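Below is one structure, written out as structure tokens; the observations come after it.
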Amino acid sequence: MIRISRKEFDNVIEQINEVLGTGALITTITTFIIFVINIALTFLSVAIFKQTTVNNNIISFLFAQHPYIMGLITILLLPFVEELLFKSQIFKNTKFLKEHKVIKTIIVALLFSSFHCITEIVTLDYKVIFSLINYFIFYVITNTIYIKSNYNIMKPIAIHMLLNTLSLIITI
């Protein structure tokens, strides 16, 4: 996948400089907003349905067993792979609905959220609704930033990494 997405990294130094420079404030504010939404929707899910997703439970369990390995995977590897897959490969490089970015964003956001809640979807567990909304909102916001930043893949990767870091910190 990285080989296929290599053109995303043609100007990686400029992309990183933009994230750390003028884009740092936007990245931080966006991450904070997504984090607040994440906490609110997770609280609703736990308060109303008394559960989280199987995906979150597995990550929490593995993190308790292997905190350093899971920390690296969750903070560095997964955001990188997921953003490349869903933004670079599925969103940007598919000709499907090429001229309709809003509709395409919604469709890929549904795919992204379904990917994170696949166990509950397969078992038709309606209690996953808040998690689906959470992942959907995350994708729409980060994809909008991706499009507005002239397809700078480092911005959504940075937001995703920061969000996963914050999520791990509050679960410790």
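Start at 1 with the first residue, then count along the sequence. Remember, predicted model here, so these are calculated numbers, not experimental data.
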Kindly list each side-chain donor-acceptor pair under 3.5 angstrom involving residues 60-73, sequence neighbours excluded, with atom names and distances?
from: Ser60; atom 1: OG; to: Asn56; atom 2: O; distance (Å): 3.0

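- Here Asn143 pairs with Thr105, Tyr139 under the side chain to side chain donor-acceptor pair (under 3.5 Å) rule; sequence neighbours left out.
- With sequence neighbours excluded, no residue forms a side chain to side chain donor-acceptor pair (under 3.5 Å) with Lys148.
- Neither Phe136 nor Leu132 shares a network with the other; the hydrophobic side chains, linked directly or stepwise wherever heavy atoms of I, L, V, M, F, W or Y lie under 4.5 Å apart, form separate groups for each.
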Could you pull out every donor-acceptor pair under 3.5 Å between side chains of residues 39-49 and any protein atom, sequence neighbours left out?
from: Thr42; atom 1: OG1; to: Asn38; atom 2: O; distance (Å): 2.8
from: Thr42; atom 1: OG1; to: Asn38; atom 2: OD1; distance (Å): 3.2
from: Ser45; atom 1: OG; to: Gln51; atom 2: O; distance (Å): 3.0

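- When the side chain to side chain donor-acceptor pair (under 3.5 Å) test is applied to Ser131, no partner is found at least two apart in sequence or on another chain.
- Not counting sequence neighbours, the partners of Ile145 by the side chain to side chain contact (heavy atoms under 4.5 Å, CB included) test are Thr30, Ile141, Lys155, Ile159.
- Under a hydrophobic clustering in which Ile, Leu, Val, Met, Phe, Trp and Tyr are joined whenever their side-chain heavy atoms come within less than 4.5 Å, directly or via other members, Phe86 and Leu84 fall into the same cluster.
- We find the CZ-NE2 distance between Phe80 and His160 to be 13.0 Å, quoted to the nearest 0.5 Å.
- Note: Leu76 CG to Ile157 CD1 = 11.0 Å, rounded to the nearest 0.5 Å.
- Other cluster members for Phe32: Val36, joined by side-chain heavy-atom distances under 4.5 Å among Ile, Leu, Val, Met, Phe, Trp and Tyr.
- We find the OG1-CD1 distance between Thr165 and Ile75 to be 3.5 Å, quoted to the nearest 0.5 Å.
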Distance-only criterion, 3.5 Å: show the donor-acceptor pairs between side-chain atoms of residues 108-121 and protein atoms not counting sequence neighbours.
from: Ser113; atom 1: OG; to: Ala109; atom 2: O; distance (Å): 3.0
from: Ser113; atom 1: OG; to: Leu110; atom 2: O; distance (Å): 3.1
from: Ser114; atom 1: OG; to: Leu110; atom 2: O; distance (Å): 2.7
from: His116; atom 1: ND1; to: Phe112; atom 2: O; distance (Å): 2.9
from: His116; atom 1: NE2; to: Glu82; atom 2: OE1; distance (Å): 3.3
from: His116; atom 1: NE2; to: Glu82; atom 2: OE2; distance (Å): 3.2
from: Glu120; atom 1: OE2; to: Val54; atom 2: N; distance (Å): 2.6

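- Linking ILVMFWY residues whenever their side-chain heavy atoms come closer than 4.5 Å, directly or via other members, leaves Ile34 and Leu162 in distinct clusters.
- By the rule that hydrophobic residues join a cluster once side-chain heavy atoms approach within less than 4.5 Å of another member, Met161 and Ile37 end up as members of one cluster.
- To the nearest 0.5 Å, the span separating OG on Ser88 from OH on Tyr151 amounts to 11.0 Å.
- For Thr94, the side chain to side chain donor-acceptor pair (under 3.5 Å) partners two or more places apart in sequence, or in a different chain, are Lys104.
- Residues meeting the side chain to side chain contact (heavy atoms under 4.5 Å, CB included) test with Leu124, sequence neighbours left out: none.
- Hydrophobic clustering (side-chain heavy atoms under 4.5 Å, transitive across Ile, Leu, Val, Met, Phe, Trp, Tyr) groups Phe35 together with Leu78.
- Note that OG1 of Thr28 is 11.0 Å distant from CD1 of Ile33, once rounded to the nearest 0.5 Å.
- To the nearest 0.5 Å, atom CG of residue Leu168 and atom OG1 of residue Thr74 are 5.0 Å apart.
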